[in-house]
Amino acid sequence: MSTTIELIYFDGCPNAEGARVNLGEALGALGLAAEWREWEQGDPQAPLYVKRHGSPTVLVNGRDVTGATVGAPSVDTISAALEEVL
């Protein structure tokens, strides 16, 4: 089974870059390639489900790794969510 990882953010979000960095570090710590899909919420091509999440949000197989906590998810939080599906 493949794992789907997504980063959702709005343009200008002050925490988006922190989420991006933490996501890369979490994947690296687990020995995984730093590959994920990014969705900018204002993009008309973004799927509808992207619009219902806060910014930033990291989804692993469609599940918010933080449970909708505000701010960039930590490396540990992302790692724990990834370990659950590996």
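Here the CD-CG distance, from E38 to D43, works out to 12.0 Å after rounding to the nearest 0.5 Å. Here the CG-CG distance, from D76 to N22, works out to 9.5 Å after rounding to the nearest 0.5 Å. Here CH2 of W39 is found 9.0 Å from CD of Q45. Values are rounded to the nearest 0.5 Å. We find the OH-CZ distance between Y9 and R20 to be 5.5 Å, quoted to the nearest 0.5 Å. To the nearest 0.5 Å, atoms CG (L7) and CD (E17) are separated by 9.5 Å. To the nearest 0.5 Å, the span separating OG on S55 from CG on N15 amounts to 7.5 Å.
Contact detail for A33 and L27: the closest heavy-atom pair is O-CD1, 3.7 Å. In this structure, P73 and A19 approach most closely via the heavy-atom pair CD-CB, 4.0 Å. Considering all non-hydrogen atoms of both residues, A81 and R63 come closest at CB-NH1, 4.0 Å.
Clustering ILVMFWY residues whenever any of their side-chain heavy atoms sit less than 4.5 angstrom apart, transitively, puts L30 in the very cluster that holds V58. Cluster membership check: W36 does not share its hydrophobic cluster with V21, using side-chain heavy-atom separations under 4.5 Å among Ile, Leu, Val, Met, Phe, Trp and Tyr.
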Do I78 and I5 pass the side chain to side chain contact (heavy atoms under 4.5 Å, CB included) test, and can you show the C-alpha distance, the side-chain angles, and the key distance before you say yes or no? CA-CA 10 Å; I78 298 168; I5 303 167; over 6 Å; no

Run the side chain to side chain contact (heavy atoms under 4.5 Å, CB included) test on I8 and Q41 for me, step by step, so that the C-alpha distance in whole Å, both residues' side-chain angles and the decisive distance to 0.1 Å come before the verdict. CA-CA 7 Å; I8 299 170; Q41 291 175 315; 3.5 Å; yes

For T3 and V60: C-alpha separation, side-chain torsions, deciding distance, then whether side chain to side chain contact (heavy atoms under 4.5 Å, CB included) applies. CA-CA 7 Å; T3 301; V60 173; 3.9 Å; yes

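A donor-acceptor pair is defined here as one N or O able to donate and one able to accept, closer than 3.5 Å; no such pair exists between the side chain of E6 and the backbone of L59.
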